[in-house]
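Each remark here refers to the structure printed beneath this line.
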Amino acid sequence: VFTDEETGEKYIRLVRNEVLPEAILTAKYIANGTTYNIKGPGNYVYWNDKVSGTDNNDFATSGLQYYLNGEEDTSGNKGYMNYLSEETKSLLEERTHYLGSYLSGTDTAISVYKHERDVKDCEENKGATTKGIFPTAGCNVWAGNQATWKGSISLMYPSDYGFSADKQYWTTAKLTTVDGTSWMYETMPDAKSKYSWMLSPSSNGGDNGVYWSANGYVNGDYYVNSNTYGVRPVLNLKSNVKITNLDTADGSLEKPYELGL
């Protein structure tokens, strides 16, 4: 459950339990006249591998973002939105996402949450004037990248994973050591075998992104245009979405919650 920092509304973010299966991944996706490679080997995905042009770690203009939020491109390639039911799509709402950089391997859930949202001083929402680590104070965004992005379907923040640990670890456990305390790592069926991309770019390079490893830690410095990892889409829901079967469900796999307006 999140609080929208612009409206104050509370809303639910749903994280997919497994990475997307190979069967629904398209090889390429076209957006704004640019063709992006999407599918890598198996069920692994590129974040932003353009068939031509310069690649970078701006999620707002990445092939993965366009694929996740797209129905179908001009060549008939299906986007992830195409695989959601009309009822599910009626529950979605575009939310503001903060694209500040993941900074170091010593970050805790609390500190990385602050880094992700440390975008208030970005010039015209476009970062600094030159690329480099920590481009400007108060702006952990690479030059030319958007500081925020608004959309319905995204990825997990590194802090999402950090906050899945017991509260006592939010200020003490590094994201490299969260695994043994995280309900997310213990309950997701492929968490121990499937790497997956996260929303945050890396602070160590304009072409680097952050991923969640099979060992249960968060890492960066992996190229978004050549490395491929799994994808766990995150759905951002409307604030008036409610649990509709509280009288019969307990949130378990056997008696799951059902959501509706």
Pair L92, M81 - check side-chain contact (heavy atoms from CB on, under 4.5 Å), show working. CA-CA 11 Å; L92 302 182; M81 190 76 79; 3.9 Å; yes
Between N32 and T34, is a side chain to side chain donor-acceptor pair (under 3.5 Å) present by the stated rule, with each step listed? CA-CA 6 Å; N32 300 325; T34 299; over 6 Å; no
Before giving the answer on side chain to side chain donor-acceptor pair (under 3.5 Å), spell out for K10 and T3 the whole-Å C-alpha distance, their side-chain angles and the decisive distance to 0.1 Å. CA-CA 4 Å; K10 292 187 181 300; T3 299; 3.3 Å; yes
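Using a distance-only test at 3.5 Å, with no hydrogens or angles considered, a donor-acceptor pair links the side chain of N236 to the main chain of S152. For the pair N240 (side chain) and L261 (backbone), a donor-acceptor distance under 3.5 Å is absent. Looking at W149, its side chain never comes within 3.5 Å of a backbone N or O of S154 through a donor-acceptor pair. Panel note: side chain S75, backbone N77; no donor-acceptor pair is recorded below 3.5 Å. Put simply, the side chain of S182 never gets that close to the backbone of V178: no donor and acceptor are under 3.5 Å apart. Not one N or O on the side chain of E116 forms a donor-acceptor pair closer than 3.5 Å with the backbone of Y98. Using a distance-only test at 3.5 Å, with no hydrogens or angles considered, no donor-acceptor pair links the side chain of D49 to the main chain of S226. Listed for the Y169 side chain is no donor-acceptor partner under 3.5 Å among the backbone atoms of S164. In this structure a side-chain-to-backbone donor-acceptor pair under 3.5 Å is missing from N43 to K194. Side chain of N69 to backbone of I153: a donor-acceptor contact under 3.5 angstrom is found.
The distance from atom CZ of F59 to atom NE2 of H97, rounded to the nearest 0.5 Å, is 7.5 Å. Y46 OH to N225 CG: the interatomic distance, rounded to the nearest 0.5 Å, is 9.0 Å. To the nearest 0.5 Å, the span separating CG on L68 from CG on L20 amounts to 7.0 Å.
By the 4.0 Å N-to-carboxylate-O rule, D190 lies close enough to R232 to be salt-bridged with it. Contact check on R95 versus D4 returns a salt bridge, with a Lys/Arg side-chain nitrogen under 4.0 Å from an Asp/Glu carboxylate oxygen.
Partners of Y222 by ring pair (Phe, Tyr, Trp, His ring centres under 6.0 Å), not counting sequence neighbours, listed by chain and number: Y211. The ring pair (Phe, Tyr, Trp, His ring centres under 6.0 Å) test applied to W212 returns Y161, not counting sequence neighbours.
Within the 6.0 Å centre-distance limit, the rings of Y66 and Y36 are counted as a close aromatic pair.
Here the closest non-hydrogen pair linking N48 and G63 is OD1-N, 3.1 Å.
More than 12 heavy atoms of other shown residues, nucleotides or ligands fall within 6.0 angstrom of atom OH in Y11. Counted within 6.0 Å of NZ on K238, heavy atoms from surrounding residues, nucleotides or ligands total more than 12; the atom is thus considered enclosed. Atom NZ of K114 is surrounded by 12 or fewer heavy atoms from other residues, nucleotides or ligands within 6.0 Å. Within a 6.0 Å radius of CD in Q168, more than 12 heavy atoms belonging to other residues, nucleotides or ligands are found.
Inspection of the E6 and T96 side chains reveals an N or O donor paired with an N or O acceptor under 3.5 Å. With no hydrogens or angles considered, no side-chain donor-acceptor pair links T35 and K28 at under 3.5 Å.
Hydrophobic clustering (ILVMFWY, side-chain heavy atoms < 4.5 Å, transitive): M188 and Y217 are in distinct clusters. Linking ILVMFWY residues whenever their side-chain heavy atoms come closer than 4.5 Å, directly or via other members, leaves F163 and V218 in distinct clusters. At a threshold of 4.5 Å between side-chain heavy atoms, the hydrophobic network of Ile, Leu, Val, Met, Phe, Trp and Tyr places I12 and L84 in one connected group. By the rule that hydrophobic residues join a cluster once side-chain heavy atoms approach within less than 4.5 Å of another member, I110 and M156 end up as members of separate clusters. Y223 and V210 fall into different hydrophobic clusters, where Ile, Leu, Val, Met, Phe, Trp and Tyr are joined by side-chain heavy atoms under 4.5 Å apart, directly or via other members.
Between V19 and V45 there is no side-chain heavy-atom pair separated by less than 4.5 Å. R117 places a side-chain heavy atom less than 4.5 Å from the side chain of S159. Using a 4.5 Å heavy-atom cutoff, the side chains of L259 and T244 are not in contact. Residues L64 and I38 fail the side-chain proximity criterion, which asks for heavy atoms closer than 4.5 Å. Side-chain contact between N57 and D207 is absent, with no heavy-atom pair separated by less than 4.5 Å.
The salt bridge (charged side-chain N to carboxylate O under 4.0 Å, His left out) pairs that include a residue from residues 60-80 are E71-K89, E72-K78, where partners are two or more places apart or lie in different chains.
A perpendicular orientation is assigned to the rings of Y229 and Y44, their planes being inclined by more than 60° (bins at 30° and 60°). The aromatic rings of Y67 and Y80 sit tilted, their planes meeting at an angle between 30° and 60°.
By the 6.0 Å and 45° rule, R13 does not stack over the aromatic ring of Y157.
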